[in-house]
Amino acid sequence: DTEVTQTPKHLVMGMTNKKSLKCEQHMGHRAMYWYKQKAKKPPELMFVYSYEKLSINESVPSRFSPECPNSSLLNLHLHALQPEDSALYLCASSPNPGDTQYFGPGTRLTVL
Amino acid sequence: QQPVQSPQAVILREGEDAVINCSSSKALYSVHWYRQKHGEAPVFLMILLKGGEQKGHEKISASFNEKKQQSSLYLTASQLSYSGTYFCGTEEAGTYKYIFGTGTRLKVLA
């Protein structure tokens, strides 16, 4: 298995909803990442989880919270999002931090 | 500080060549290059490590000048499939913080 999978592919939610995005890889990679990408902009790193340690981009609001149940799975919990949070959310993994990253297909999120 | 790419956009005819530059104000340990097609995830092209190495992948090659903190991606004899947005990416040393460059939109016309 040489791919990163993400579910769901599309998600529409209201500002009061709670939802979760799921990312999975079975390549034995030790680093996983969440990115947010707005149209015509580069991906922006939100979180890195490597060696059982979470690194956070300080500019990410607390309404986004990552969870790593095991080394193959990385979830992103969403709560009380704003319309400006609508974006493509990309998950990636790499053998080790700093190595080549392999991206999942992304989740297109729309917040109404 | 986000690496700056130039040009911002370029249009080519099939068979023409292009160069995309990536410049950083911070010391770089490595540079990665990705291509992203519209509505899809970025796809890894190549990685260059410190040492000024140059790498090639079919008709796409890249160089890394660590003294100038610059990397360049060379596309030769472009094909329609080369269309997309190209990003350089790098990690801030010792932080696990990965940053993508500003991006270059490339369109190849028949």
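Proteins come first, then strands; the chains are lettered A, B, ... in the order of their sequence lines, and each starts at number 1. Bear in mind the structure is a predicted one, so any value in this text is a computation, not a measurement.
Neither the backbone nor the side chain of A:Glu44 comes within less than 4.5 Å of any heavy atom of chain B. Residue contact with chain B, scored on non-hydrogen atoms closer than 4.5 Å, involves the backbone of A:Pro105 exclusively. Only the side chain of A:Ser55 comes within less than 4.5 Å of a heavy atom of chain B; its backbone N, CA, C and O stay farther away. For a residue to count as touching a neighbouring chain, one of its non-hydrogen atoms must lie under 4.5 Å from one of that chain's; by this rule B:Thr85 does not touch chain A. A:Lys41 touches chain B through its backbone: at least one of N, CA, C or O sits under 4.5 Å from a heavy atom, while the side chain does not. Only the side chain of A:Tyr51 has a heavy atom closer than 4.5 Å to any heavy atom of chain B.
Taking CG from A:Asp99 and NE2 from B:His32, the interatomic distance works out to 7.0 Å, rounded to the nearest 0.5 Å.
Ring-plane geometry between B:Phe44 and A:Tyr102 is classed as tilted, the angle between the planes lying from 30 to 60 degrees on a 0 to 90 degree scale.
In the hydrophobic clustering of ILVMFWY residues, with side-chain heavy atoms under 4.5 Å counting as a link, B:Val10 and B:Val4 come out apart. B:Ile99 is not connected to B:Val31 by any chain of hydrophobic side-chain contacts under 4.5 Å among Ile, Leu, Val, Met, Phe, Trp and Tyr, and they are in different clusters. Hydrophobic clustering (side-chain heavy atoms under 4.5 Å, transitive across Ile, Leu, Val, Met, Phe, Trp, Tyr) keeps B:Tyr82 apart from B:Ile11. Hydrophobic clustering of Ile, Leu, Val, Met, Phe, Trp and Tyr side chains at less than 4.5 Å, counting indirect connections, unites B:Leu106 with B:Met46. Using a 4.5 Å cut-off between side-chain heavy atoms of Ile, Leu, Val, Met, Phe, Trp and Tyr, with links allowed through other members, A:Trp34 and A:Met13 fall into the same hydrophobic cluster.
Heavy-atom minimum distance, B:Phe100 versus A:Pro43: CD1-O, 3.6 Å. When all heavy atoms of A:Pro42 and B:Gln2 are compared, the pair lying nearest together is CG-NE2, 3.0 Å. The two atoms that bring B:Ala41 and A:Gly104 nearest to each other are CB-O, 2.9 Å, heavy atoms only.
Ranked by heavy-atom pairs under 4.5 Å with chain A, the first of B:Arg105, B:His38, B:Gln36 is B:Gln36.
For the pair B:Tyr98 (side chain) and A:Val48 (backbone), a donor-acceptor distance under 3.5 Å is absent.
Annotation for B:Lys107: atom NZ does not count as buried by contact number, only 12 or fewer foreign heavy atoms lying within 6.0 Å. Other residues, nucleotides and ligands place no more than 12 heavy atoms under 6.0 Å from the CD atom of B:Gln8. Within 6.0 Å of CD in A:Glu52 there are 12 or fewer heavy atoms belonging to other residues, nucleotides or ligands.
Among residues 61-69 of chain A, no residue has any heavy atom closer than 4.5 Å to a heavy atom of chain B.
Taking 4.5 Å as the limit, every side-chain heavy atom of A:Tyr35 sits out of range of all side-chain heavy atoms of B:Pro42.
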